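Because the structure is predicted, anything quoted here is derived from the model rather than measured. Throughout, a chain's letter reflects where its sequence line sits, starting with A, and its residues are numbered from 1.
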Amino acid sequence: MSEEKSLNFLEEIIDADLKSGKYSQIVTRFPPEPNGYLHIGHATSIVLNFGLTKKFGGYTNLRFDDTNPVTEETEYVESIKADVRWLGFEWKNELYASDYFDTLYEYAIKLIKLGLAYVDDSSSEEIAAMKGTPTEPGTNSPNRDRSIEENLDLFQRMRAGEFPDGSRTLRAKIDMAHVNMLMRDPILYRIKHAPHHRTADKWCIYPMYDFAHGQSDSIENVTHSICTLEFVPHRELYNWLIEKLEIYPSRQYEFARRNLTYTVMSKRKLLQLVNEKHVSGWDDPRMPTISGMRRRGYTAAAIREFCDRVGIAKRDNIVDVGLLEFCVREDLNKIAQRRMVVFDPVKVVITNYELDEEMIHSENNPEDPNGGEREIPFSGEIYIEREDFMENPPKKYFRLAPGQMVRLKSAYIIKCEEVIKDEAGNITEIRCTYLPNSKSGNDTSGVHVKGTLHWVSVKHAITAELRIYDRLFRVEDPSSEEGDFKDYINPNSLQVIHGAFAEPSLKTAKFDESYQFIRKGYFVLDKDSGTSGIIFNKTVGLKDGWKPGS
RNA sequence: UGACCCAUGGUGUAAUGGUAACACUACUGAUUUUGGUUCAGUCAUUUAAGGUUCGAAUCCUUAUGGGUCAACCA
């Protein structure tokens, strides 16, 4: 914390602006369109915008960019607010571009009166045809030189609802030969007879992004309007409108959007995954959405840490999802209580164990001295992991094998004496003896074993469903592959284990609390848990340092 | 056959004309009642060619490579 970290390019700009006295405080905004759920890319923007004002002084608004009523819904507004809060940020003002529709309309009138905007009767196709291409200039619309009076009249009638959708637009009068396509008389307003989620039927004309975003920034006195690289060409128009309208000069700055390996990040693609049922919903734990990651068990602290570690810059990037997983493990290792769960059980009978049962004690978290202990019932019949036993083990196999000894976590050392199989040769039972004087915390046996296994007492075990997730796509960058990105979906991204055996304390597992299933990974209770049973989502596995055969 | 943005280990980000570094990954080893954690270490980097300079990742030129722009989406 006290360590001097170098500033990223935005921090340098802000630092200079503050030092020069250009601003006494900075104002940023997080401007989502309420037409989808937030994802890890948005988290980058949230952490950036809120982080900047926290660091340099000032505040951040949450502003919904709700200028397109046909795609936007209140459901999304609510999920976005919940996600931002969950990430740990609180906005100064909750605002909507639709709050400014009256002002924006006045701005349009002003532009018309300045002779800088006109009503165009051309169709969408005609406008596209007259637009030119990046290498060829466009041509002027036949309506480009209408009188100010006629434009005023027509625009007012557009607002009054006299014209059908698509019949007319309001366009800025700039330059149809401009090298920047966005400056070739961009559309400012279009007719949409559609109810808006907030203004209902008040309007039938709606401003376009370019005539709403910068103006909203300006109205809110946003000092640094931060967006992603694809808006670089918009900056010229952003500044042109501010200049002509003579309004508060917010400034736009762009950074490279965040990409992650083995997933897709565009809202369009994510929506497709949801609609076509490749995932169970926006909050499917395999989704890179905030809600998906939350359900998966990722913590807000881990996501914030990830964003900080990655940093920001202006070059295209694709961050290794392994870094995100590292941040998750790093956080969870400190806070997750340890529990024992056997995924694929095989029965072990301890032939010389004479008690009916006993309670043993185990620490909840070796990383947390104040984490306390819990009791776990132990008995002469336990389950261990089928993969923790091998009849013919390779060298350096520290687990159970004929004649070999292992420690049962927090309990005793056992030795494998006999293997029982069915007719088909499957192992049905492993017979062991235990060292009575090897009890954890009281070990006087003098025996040292290399391996420690997790286990669950047969008669005390409870069953649980486990949902194990793998990456959603088989390739690092599905969007850059040939063909449809959906061709690269990993068919095995969800594996369900139905009959796992868990220690009884997990019966009272709490939502939003992470557990480390010892030697297996981090898990969190899923919302589908209920009367039919408890269900856990695998958040992320433990780092696995064991390579068989070495 | 245009304009604009970008180019540093496998990945991400620093170095702001003065010894190319940090993190993740990978690999070694030590510790360990989780083959986890922790600790120690190793491998690995300036797209290319010119130029300016005592000195260039940094400034200039050109080339190459990647990205963006022709929605009544944002």
Side-chain angles (χ1 to χ4, degrees), chain A residues 5-8 12 31-33 35 65-68 70-72 97 120 122-124 127-129 131-138 165-171 178-182 184 187-192 205-206 208-210 212-213 227 229-236 254 256 258 261 267-268 306 309-327 329-330 333-334 338 340 362-363 366-367 396-399 406-411 413 438 440-441 443 448-454 476 516-521 541-548:
Chain A
K5 239 188 117 189
S6 56
L7 303 181
N8 65 47
E12 284 182 0
E33 183 188 10
N35 70 344
D65 234 339
D66 56 350
T67 57
N68 186 359
V70 303
T71 58
E72 294 154 5
D120 194 351
S122 307
S123 69
S124 173
I127 289 177
K131 196 103 188 178
T133 71
T135 54
E136 303 160 64
D165 286 6
S167 61
R168 285 185 165 85
T169 56
L170 182 73
R171 293 229 258 166
H178 204 287
V179 68
N180 183 346
M181 298 285 290
L182 284 157
R184 322 243 265 224
I187 294 170
L188 268 21
Y189 265 93
R190 77 285 216 192
I191 301 171
K192 274 182 195 282
I205 58 171
Y206 292 94
M208 297 286 289
Y209 167 84
D210 287 302
H213 198 104
C227 61
L229 244 31
E230 68 268 29
F231 291 95
V232 168
H234 291 254
R235 189 174 62 229
E236 194 170 13
E254 312 87 9
R258 179 71 50 230
T261 54
K267 266 196 267 189
R268 203 196 91 246
F306 170 73
R309 277 181 188 255
V310 168
I312 61 143
K314 292 182 77 163
R315 60 171 153 167
D316 299 317
N317 61 78
I318 178 158
V319 182
D320 191 338
V321 70
L323 180 59
L324 213 206
E325 292 176 345
F326 168 83
C327 293
R329 285 193 196 99
E330 185 185 44
N333 179 49
K334 290 181 301 196
R338 306 302 118 121
M340 292 199 284
S362 190
E363 76 281 354
E367 303 300 314
K396 289 199 181 171
Y397 185 79
F398 302 148
R399 284 113 102 143
V406 293
R407 157 82 57 188
L408 294 174
K409 172 69 183 172
S410 298
I413 292 172
S438 68
S440 207
D443 187 354
H448 290 284
V449 294
K450 288 286 271 185
T452 300
L453 306 186
H454 60 283
E476 281 202 350
Q516 186 201 95
F517 294 173
I518 290 177
R519 301 208 305 138
K520 285 303 197 176
L542 261 22
K543 206 173 144 190
D544 191 357
W546 184 57
K547 290 155 288 306

Base, sugar-phosphate, or nothing for [X], non-hydrogen atoms under 4.0 angstrom?
| X | answer |
| --- | --- |
| A:S122 | base |
| A:G441 | base |
| A:I318 | sugar-phosphate |
| A:L323 | sugar-phosphate |
| A:N180 | nothing |
| A:F517 | nothing |
| A:Y209 | base |

Nearest to the side chain of [X] - [options]?
| X | options | answer |
| --- | --- | --- |
| A:N317 | B:rC5, B:rU13, B:rU34 | B:rU13 |
| A:K396 | B:rA74, B:rG35, B:rA70 | B:rG35 |
| A:E367 | B:rG67, B:rG36, B:rA14 | B:rG36 |
| A:P134 | B:rU25, B:rC73, B:rA70 | B:rA70 |
| A:I187 | B:rC72, B:rA70, B:rG12 | B:rC72 |
| A:L229 | B:rC69, B:rU37, B:rC5 | B:rC5 |
| A:M181 | B:rC69, B:rA23, B:rU37 | B:rC69 |
| A:R399 | B:rG12, B:rG35, B:rA74 | B:rG35 |
| A:V310 | B:rG12, B:rG2, B:rU13 | B:rG12 |
| A:T452 | B:rA70, B:rG35, B:rG12 | B:rG35 |

Discussion item. Donor-acceptor pair, distance only, cut-off 3.5 Å: does the side chain of A:D66 make one with the backbone of A:A97?
Written reply: yes
Whole angstrom value for the distance that separates [atom2] of [N] from [atom1] of [X]:
| X | N | atom1 | atom2 | answer |
| --- | --- | --- | --- | --- |
| A:K409 | B:rG35 | NZ | P | 9 Å |
| A:K334 | B:rU38 | NZ | P | 10 Å |
| A:Y206 | B:rC73 | OH | P | 13 Å |
| A:D316 | B:rA7 | CG | P | 10 Å |
| A:N8 | B:rU13 | CG | P | 11 Å |

In whole Å, measure the gap between the [atom1] atoms of [N] and [M] for me.
| N | M | atom1 | value |
| --- | --- | --- | --- |
| B:rU45 | B:rG10 | C1' | 11 Å |
| B:rA48 | B:rG65 | P | 15 Å |
| B:rG29 | B:rG17 | P | 44 Å |
| B:rA56 | B:rC39 | P | 39 Å |
| B:rG51 | B:rG9 | P | 25 Å |
| B:rA21 | B:rA15 | C1' | 7 Å |
| B:rC59 | B:rA14 | P | 14 Å |
| B:rU47 | B:rA3 | C1' | 23 Å |

Any side-chain N or O of [X] below 4.0 angstrom from OP1/OP2 of [N]?
| X | N | value |
| --- | --- | --- |
| A:R190 | B:rC73 | yes |
| A:K192 | B:rC73 | yes |
| A:R519 | B:rG35 | yes |
| A:T67 | B:rA74 | yes |
| A:S124 | B:rC72 | yes |

Worksheet item: How far apart are the C-alpha atoms of A:E363 and A:K409, what are their side-chain angles, what is the distance that settles it, and do they pass the salt bridge (charged side-chain N to carboxylate O under 4.0 Å, His left out) test?
Response: CA-CA 10 Å; A:E363 76 281 354; A:K409 172 69 183 172; 3.0 Å; yes
Worksheet, complete the sentence: Of A:S440 and A:E72, the one whose nearest nucleotide on RNA chain B sits closer to the 5' end is A:S440
Discussion item. My understanding is that only one of A:D544, A:L453, A:T452 makes a side-chain contact (heavy atoms from CB on, under 4.5 Å) with A:R519; could you say which?
Written reply: A:L453
Worksheet item: Out of A:I205, A:N68, A:T67, which residue meets the side-chain contact (heavy atoms from CB on, under 4.5 Å) rule with A:K192?
Response: A:N68
Fill in: Listed partners of A:F231 passing ring pair (Phe, Tyr, Trp, His ring centres under 6.0 Å), at least two apart
A:Y209, A:H234
Worksheet entry | Who pairs with B:rG18 - Watson-Crick or G-U, where each distance is under 3.5 Å | B:rC54
